[in-house]
Amino acid sequence: MTTVLSPTDRPQVVDDWFLLPAPAPAARTRLFCLPHAGGDATAFAPLARELAPGIEVWGLRLPGRGARLRDPLPADFDELVRQVVGALLPHTHPGIAFGLYGQSFGALLGYEVARALPPGHRPRFFVPASAHAPQRWAAELPEQIDAAALLSATDADRVIEQNAELKALTLAVTGADLALCRGYRYRPGQLPPEVRLHAVVGAGDPLVAGPDLAAWGAVSERPVATTVVAGGHLLAVPTEPGPVALLRSVADAANAEPAHPVRPASVPTRPEQAPDPDPDPDPDPDPDLDPDLDLDLTDTTFWAGPDVAARIDALRAAGPVRRMTVAGDGPTWAVLSYQHAAQVLGDAENFSSLGGSLLGTSPDGTPPAGSGTMMAFTDPPVHRTIRNPLTPFFNARNTAGYAPRLAEIAGQAVRAGLARGEVNFVDTIAPVPLAVMCDLLDIPEADRAKVVALSDRAFLGDTPQERRSGHQDLIRYLFMHTIAHRARPADDLVSVLATHRVDGGLLPIEDVVLNLDNILVGGVQTVRHTAAMGMLALLRNPRQLRALWEGEVEPADAVDELLRWTSSGLHVLRTAARDVRLGAAEIKAGEKVVVWTWAANHDPAQFDRPEDLLLDRAANRHLGLGWGPHFCLGAALAKAELAAIFTALRDQVREVELIGRPRHNKSIINFGLDELPVRLVAR
């Protein structure tokens, strides 16, 4: 039996662009509602309550009204379409069945948005309400009608007449939206063939009549249905839900059609992944749990999906420690709650690192290379003997002394980005952690271009083969670099590690190289991916971006929230050293336990409003840099680098504009972005 999650009584705001009046994460269909001229997303609250839990309403929060009153009113129709498309893209995952409902001005906006959305992100249906077809829009909009006349025609003035300030504000917003309508120019074209169109109008509408709806047929490749319902010009308003039955019917009909060839929301077992012939039952199974919730968490498209939080919440509620099968690693225990994640990471006695710290490092169960001698693959007390001599290079005092150099490196990177204007933000900030690592590992100036090139291939190569080749060449370079520092040691990090003794003997060269490679990878990847994913999060949360840019929150104070929110190190692997109980799970010695960091860092039991990006979040004890004995050695330096990057951006850049679709990488080790196309505008 499928679990039906009922809508919550608490509305949610997503990315500043959407209001979910009655969140229903298990809904089959997502309905994006576009308001009328002068209207706001709050008009769709009654509609949302009526349609839930089967349909989840996402009301569009347009700038310059309601909770976004401080934002500038839209001044150009095409620019508004571009902004709305950009806001929709992250929430129109190909596995999500969704539709658009727009009334009056919102119908015109919805038509252009539906045309502009790319393949794989198009609505299954579009319901324009109370609107002339776009090719007739200019001719049917009376020249003499102004904001006051429009409000009078829709009876909206009866609501605002009692408050002069509210009336003046509503007239201003409505007038601005009318100006957008007058500036609209129809460009001939039809909706994509996968979009079902059903136009609706109220029987008492003074501006649009039932026969007018037939003209919508000219902009659709498919037959267009039309319906006249009871009501006036505005159907969905704060006091009336609007065409509930019609929207349910259209959604059901659209969902009944064969899906277009896009990736399904529920991830099946991959062809190369043999199912566990006798999987253990969940430790505390929920008989109502939908089996589709048992997802492949190693598939990065799941973590990039807009519905990831709701699906993880459902999984966590059904069993915070649960069995799953991972291709190449076999049966594992997935840990999804903060409480259990912290317990695993903090208990090296029961949950060992000797078997590897990442999925894929020991698929056949044999210890990985470096087990027992590489920091990431050791347990206390051996772990401390390797870590302790390196700690001074990363402590707060040395990091503070390095601040001027950090500011210089970050400033140079941002200036280079501004000189180009339109950039891939990932490439723009990548030189910062690479330069820091070159400083830290005492890479000579003559070799830095080579190391940067090798690192680019290893971390940013287009294919796995290119990345593997780059990494092998980087290891070879570090091998020779280590030999030189062992022969002529100084007081740098490489020399200290190359001459370090464990149990009276020098650490083998191979182990020194593996540790240096681990430091380099961790230092570069964590900072680069957190910075890029953090920038994307800020672009999708413009109020938080504005707070950072205007100095309401300092970059150094915002870093922890960006680390929590992005959780680029998606998982950490441990192996049970003995039979142990974790929550309701009975874990046997030798079984693999995977802490899914993102899930722990978005656990509502630990974090208030975990899906809200709050740069000033207090008591932010996230797991983005680990926990317990393996807490990130370079945590202070990584935070300082991120603060320097965002300080340089704030000081030099007036505006960061998303100009294309972000593209995530395919790594579950360092999950992040390969591309974040932006335009940087100087102050």
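Nothing here was measured: the structure is a model prediction, and the numbers come from that model.
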With no hydrogens and no angle check, is any side-chain donor or acceptor of D379 less than 3.5 Å from a backbone partner on S353? yes
Before you tell me yes or no, could you show the steps for H602 and F607 under ring-ring contact (aromatic ring centres under 6.0 Å, His included), namely the whole-Å CA-CA distance, both residues' side-chain angles and the distance that decides it to 0.1 Å? CA-CA 7 Å; H602 290 73; F607 301 99; 7.9 Å; no
Is any side-chain heavy atom of Q525 closer than 4.5 Å to one of L520? no
Inter-residue atom distance E641.CD - T526.OG1, 0.5 Å rounding: 9.5 Å
Sub-4.5 Å side-chain heavy-atom contact between E349 and R578: yes
Residue pair M375 / L390, side-chain heavy-atom distance below 4.5 Å: yes
Value rounded to 0.5 Å, distance of CG in L545 from CZ in R540: 13.5 Å
Gap separating the CG atom of D511 from the NE2 atom of H500, nearest 0.5 angstrom: 11.0 Å
Quick one: does L562's side chain get under 4.5 Å of L642's, heavy atoms only? no
Between CD1 on residue I509 and CG on residue L478, distance to nearest 0.5 Å: 11.5 Å
Can you find a pair of side-chain heavy atoms, one from T325 and one from T332, that are under 4.5 Å apart? no
So, the side chain of R574 versus the backbone of S352: is there a donor-acceptor pair under 3.5 Å, distance only? no
Minimum heavy-atom separation for V432 and A410, please, with both atom names. CG2-CA, 3.9 Å
Is a donor from one side chain sitting under 3.5 angstrom from an acceptor on the other, for D299 and T301? yes
Locate the shortest heavy-atom distance separating G417 from T428; write the atom from each residue and the value. CA-CG2, 4.0 Å
Does E408 pair with R405 as a salt bridge, N-O distance under 4.0 Å? yes
Only residue of V344, L573, V580 satisfying side-chain contact (heavy atoms from CB on, under 4.5 Å) with V593 is V344
Under 3.5 Å, is there a donor-acceptor pair between the D347 and N350 side chains? yes
Is the ring centre of W596 less than 6.0 Å from the ring centre of W303? yes
At their closest point, which heavy atom of L441 faces which heavy atom of L516, and how far apart are they? CD2-CD2, 4.0 Å
Evaluation steps, salt bridge (charged side-chain N to carboxylate O under 4.0 Å, His left out), between R650 and E554: CA-CA 10 Å; R650 180 194 65 182; E554 288 300 316; 3.1 Å; yes
Please tell me if the side chains of E675 and D427 come closer than 4.5 Å, counting only heavy atoms from C-beta onward. no
Give a yes or no answer on whether the side chain of D517 reaches the backbone of V513 with a donor-acceptor pair at less than 3.5 Å. no
Please determine, by modelled atom types, if S337 and D603 share a side-chain donor-acceptor pair under 3.5 angstrom. no
Flag, side chain of N665 to backbone of D674, donor-acceptor distance under 3.5 Å: no
Any ion pair linking E591 and R323 (charged N to carboxylate O, less than 4.0 Å)? yes
Give, for atom CG of D492 and atom CG of L497, the distance between the pair rounded to the nearest 0.5 Å. 10.5 Å
Taking all heavy atoms of I443 and all of R448, pick out the closest pair and write down the distance. O-NE, 2.9 Å
Is there a donor-acceptor contact under 3.5 Å from the side chain of H571 to the main chain of L359? yes
Are side-chain heavy atoms of H529 and L673 found at a separation under 4.5 Å? no
Counting C-beta onward and ignoring hydrogens, is there a side-chain heavy-atom pair between H485 and V496 closer than 4.5 Å? no
Shortest non-hydrogen contact between L336 and R322, atoms and distance: CD1-CD, 3.8 Å
Does any N or O in the side chain of T597 come within less than 3.5 Å of the main-chain N or O of G569, such that one atom is a donor and the other an acceptor? yes
Does the side chain of N388 come under 3.5 Å of the side chain of T391 through a donor N or O and an acceptor N or O? no
Separation between CG of L358 and CD1 of I668, rounded to the nearest 0.5 Å: 8.0 Å
Residues R316, D313: salt bridge by 4.0 Å N-O rule: yes
Before giving the answer on salt bridge (charged side-chain N to carboxylate O under 4.0 Å, His left out), spell out for D560 and R617 the whole-Å C-alpha distance, their side-chain angles and the decisive distance to 0.1 Å. CA-CA 9 Å; D560 272 308; R617 185 184 293 274; over 6 Å; no
Which heavy atom of V656 sits nearest to which heavy atom of L539, and what is that distance? O-CD2, 3.2 Å
Donor on one side chain, acceptor on other, S568 and N670, under 3.5 Å: no
Strictly distance-based, threshold 3.5 Å: is any side-chain N or O of N424 a donor or acceptor partner for the main-chain N or O of L676? yes
